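So you know, we letter chains A, B, ... as the sequences are listed, proteins then strands, and number each from 1. What you are looking at is a predicted structure, and each value in this text was computed from that prediction instead of being measured.
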Protein chains: 2
Amino acid sequence: MDNSVPGTASIGRMPTVKRDTYTPDSLLSVAVRVFNERGYDGTSMEHLSQAAGISKSSIYHHVRGKEELLRRGISRALDGLFGILDEPAAREGRAVERLEYVTRRTVEVLMTELPYVTLLLRVRGNTDTERWAMDRRREFDQRVAGLVKEATAEGDLRSDVDARLATRLLFGMINSIAEWYRPERAAGEGSGDTSAEVAEAVVRTAFAGLRTH
Amino acid sequence: MDNSVPGTASIGRMPTVKRDTYTPDSLLSVAVRVFNERGYDGTSMEHLSQAAGISKSSIYHHVRGKEELLRRGISRALDGLFGILDEPAAREGRAVERLEYVTRRTVEVLMTELPYVTLLLRVRGNTDTERWAMDRRREFDQRVAGLVKEATAEGDLRSDVDARLATRLLFGMINSIAEWYRPERAAGEGSGDTSAEVAEAVVRTAFAGLRTH
DNA sequence: ACTGCAACCGAACGATCGGTCGGTGCAAGG
DNA sequence: CCTTGCACCGACCGATCGTTCGGTTGCAGT
C-alpha cells in the first residue's frame with residue numbers, strides 16, 4: 001500500500017535534527033499506524049517491515065523488538081494524558097470547572113496524539129507491558145473520577161446518577177472519538193471537526209446532562 | 001484456569017435439549033469468552049482447547065475452524081441489535097421517543113448479550129468476516145443516526161450539535177459499557193447495575209444533554 | 001452380537017511467527 | 001587512503017500457528 005519514506009527528505013548533510021533514515025521515533029509512527037490498522041497481535045514484523053520499506057531485521061537496529069514499539073507508543077499517549085492533570089487549570093478552581101477543562105483537554109490530546117492514544121485504548125492485558133498500560137490508564141480514570149465526586153459534592157453535578165457510572169459514560173464519549181475521528185477528513189474549513197470544535201461539542205453534550213440546572 | 005464442563009450435567013438419557021458434550025453453541029460461549037479476554041488474534045486454538053477442556057483437534061469436530069467461531073459470535077450480537085429495530089416501540093411514535101427506546105434497548109441487549117456484543121465491537125477488519133461485521137454494524141449505526149436526524153428535525157433534540165456527531169457520542173456512551181460492565185459484580189441487590197438501571201442512567205445522562213429544554 | 005456414528009484424541013503438516021546472525025555498502029573523520 | 005561505525009540486508013533459528021489425519025472409545029439402534 002503505502003511505501004513511506006523514512007523521514008522528510010532534507011538536502012542538509014550535517015547532522016541536523018532531520019535524518020534521511022529511520023530514528024526510533026519515526027519508525028514508531030509507522031509501527032503505531034499499522035498496529036491500529038491490524039491490531040497489535042495481528043501485526044507481524046513482516047507487516048511492519050513492508051510498511052516501513054526496510055527489511056524485517058533492520059527494524060531490530062532501531063528498537064529491541066515488537067513489544068518495545070508497543071511500550072513506546074503507549075508511553076507517548078500516557079505522557080500526553082497525565083500532562084493534562086499538571087496544567088494549572090486542572091489544579092485550581094472549582095471542581096466542575098477543572099473537570100470541564102480536563103474533559104476538553106483530554107479530547108484535544110486524544111485528537112492530536114490520535115494513533116498513540118488509540119493504541120493505548122485497545123490494549124487488552126496479555127503481556128506485562130499491556131497490564132502496565134491498563135494500570136496507568138485506570139489511574140488516570142480514577143484521578144478524573146475524583147474530580148467528578150468533588151463536583152458532585154459541591155452540588156454542581158446531578159446526584160441521581162452515580163459518580164463512577166457518570167465518569168465511565170463521560171470517558172465512553174471521549175474515548176469513542178478514537179473510533180471514528182480521521183484527521184485527513186478534518187482538513188476543510190468549517191467541517192466542524194477540529195479538535196477544539198469536537199471538544200466543545202463533547203463538553204456541551206456531556207455537561208448539559210450532568211449539570212444541575 | 002477454568003476447566004469448565006461442556007454442558008449442564010443432566011441425568012436424562014433421552015436426546016433432550018441438554019447434552020453432556022459440547023454443541024457448537026456451548027463451545028461458542030467458551031470461545032467468545034476467551035476471545036474477549038485475549039483478543040481474537042491473541043487467542044490460539046490451543047488456548048481454546050484448554051479453556052474448553054478438550055483437545056485442539058476435537059474443536060474441529062464441532063466447528064469448521066477459528067473464524068467460524070468468530071462469525072457465529074458476531075452474528076449472535078448482530079441478531080440481537082437488529083432485532084431491536086423491528087420491535088413496535090422502535091417503529092411507531094415520535095422520533096425522539098423511538099430514539100430513547102432504541103437507546104434503552106441497545107443498552108439492555110449489550111448487557112444481556114455482553115460477550116457477543118463485546119466481540120462485535122472489537123472487530124478491526126483484517127478478514128472478510130471482520131469487514132462484514134463492520135459493515136453490518138455501520139448499518140445499525142446509520143439506522144439510529146436516521147432517528148437522531150428525524151428527532152432533530154422535529155425540534156426535540158438540540159441543533160447546535162451536529163446529528164452525526166451526536167449519534168457517535170451516544171454510541172460512544174452505550175458501547176463503552178462493554179469495557180467495564182461485569183455481570184458477576186451486578187448480582188447484589190441495589191447495586192444499581194442491572195441492565196434496566198444502567199439503561200435508565202444512560203438515557204438520562206445522554207438525553208438531558210441532547211434534548212431541548 | 002454387531003454396526004454405525006458422535007465425540008474425542010495424539011501426532012504431525014506446512015506456514016508463519018518474533019528474533020538472531022554474519023555480513024555489505026557507504027559516508028564521515030582522521 | 002584507510003578506518004570506523006551506522007543503516008541496512010538475506011538467510012536462518014526454534015517455536016508456535018491453524019488445520020488435517022488416522023485412529024480409539026463408548027453408546028444407540030437393530
Side-chain angles (χ1 to χ4, degrees), chain A residues 3-7 9-28 30-31 34-35 38-73 126-130, chain B residues 3-7 9-28 30-31 34-35 38-73 126-130:
Chain A
N3 267 19
S4 62
V5 163
S10 65
I11 323 163
R13 288 161 299 280
M14 293 301 286
T16 55
V17 181
K18 298 200 172 183
R19 302 279 257 100
D20 200 5
T21 59
Y22 275 113
T23 64
D25 271 2
S26 66
L27 183 60
L28 176 64
V30 173
V34 182
F35 285 161
R38 313 184 70 98
Y40 176 73
D41 284 320
T43 302
S44 70
M45 295 305 276
E46 185 62 33
H47 289 139
L48 292 185
S49 81
Q50 283 167 15
I54 60 177
S55 75
K56 200 168 57 129
S57 53
S58 297
I59 295 175
Y60 291 88
H61 181 72
H62 301 285
V63 293
R64 286 176 166 280
K66 193 186 178 188
E67 192 157 4
E68 177 171 318
L69 287 167
L70 178 66
R71 190 175 46 74
R72 279 174 183 265
N126 291 342
T127 65
D128 284 338
T129 299
E130 299 188 29
Chain B
N3 267 17
S4 61
V5 163
S10 66
I11 323 163
R13 288 158 301 278
M14 293 301 287
T16 55
V17 182
K18 299 201 172 184
R19 302 278 257 101
D20 199 6
T21 59
Y22 275 113
T23 64
D25 270 2
S26 65
L27 183 60
L28 176 64
V30 173
V34 182
F35 285 161
R38 314 184 69 100
Y40 176 72
D41 284 319
T43 302
S44 69
M45 295 305 276
E46 184 63 34
H47 290 139
L48 291 185
S49 82
Q50 283 168 15
I54 60 176
S55 76
K56 208 165 51 132
S57 54
S58 297
I59 296 176
Y60 291 86
H61 182 72
H62 302 284
V63 293
R64 288 177 166 278
K66 194 184 176 188
E67 191 157 6
E68 178 171 318
L69 287 166
L70 178 65
R71 190 176 47 72
R72 280 175 183 264
N126 291 341
T127 65
D128 283 340
T129 299
E130 299 189 27

| message | Can you say whether a donor on the side chain of A:Ser55 sits under 3.5 Å from an acceptor on the base of D:dG10, or the other way round? | response | no
| request: Please state whether the phosphate of C:dA7, meaning OP1 or OP2, lies under 4.0 angstrom from any side-chain nitrogen or oxygen of B:Thr21. | output: yes
| request: For the side chain of A:Lys66, starting at C-beta, report the closest nucleotide among D:dC17, C:dG18, D:dA11. | output: C:dG18
| Salt-bridge criterion met for A:Glu67 and A:Arg71 (N-O under 4.0 Å) | no
| field | Toward the 5' end of DNA chain D, by each residue's nearest nucleotide, A:His61 or A:Lys56 | value | A:His61
| Side-chain N,O (A:Ser44) to OP1/OP2 (C:dC17) below 4.0 Å | yes
| Student check: side-chain heavy atoms of B:Phe35 and B:Lys66 closer than 4.5 Å | yes
| said: Could you tell me how far apart B:Ile59 (CD1) and D:dC17 (C1') are, to the nearest whole angstrom? | reply: 13 Å
| request: Starting at atom CD of A:Gln50, determine the distance to atom C1' of D:dC9, rounded to an integer number of angstrom. | output: 15 Å
| Under 4.0 Å: is that the gap between some side-chain N or O of B:His62 and OP1 or OP2 of C:dA6? | no
| remark: CG (B:Leu48) and CG (B:Leu69) are apart, to the nearest 0.5 Å, by 6.5 Å
| Is the phosphate of C:dA7, meaning OP1 or OP2, less than 4.0 Å from a side-chain N or O of B:Ser58? | no
| message | I'd like to know if the side chain of A:His61 pairs up with that of A:Ser58 as donor and acceptor (distance under 3.5 Å, no hydrogens or angles considered). | response | no
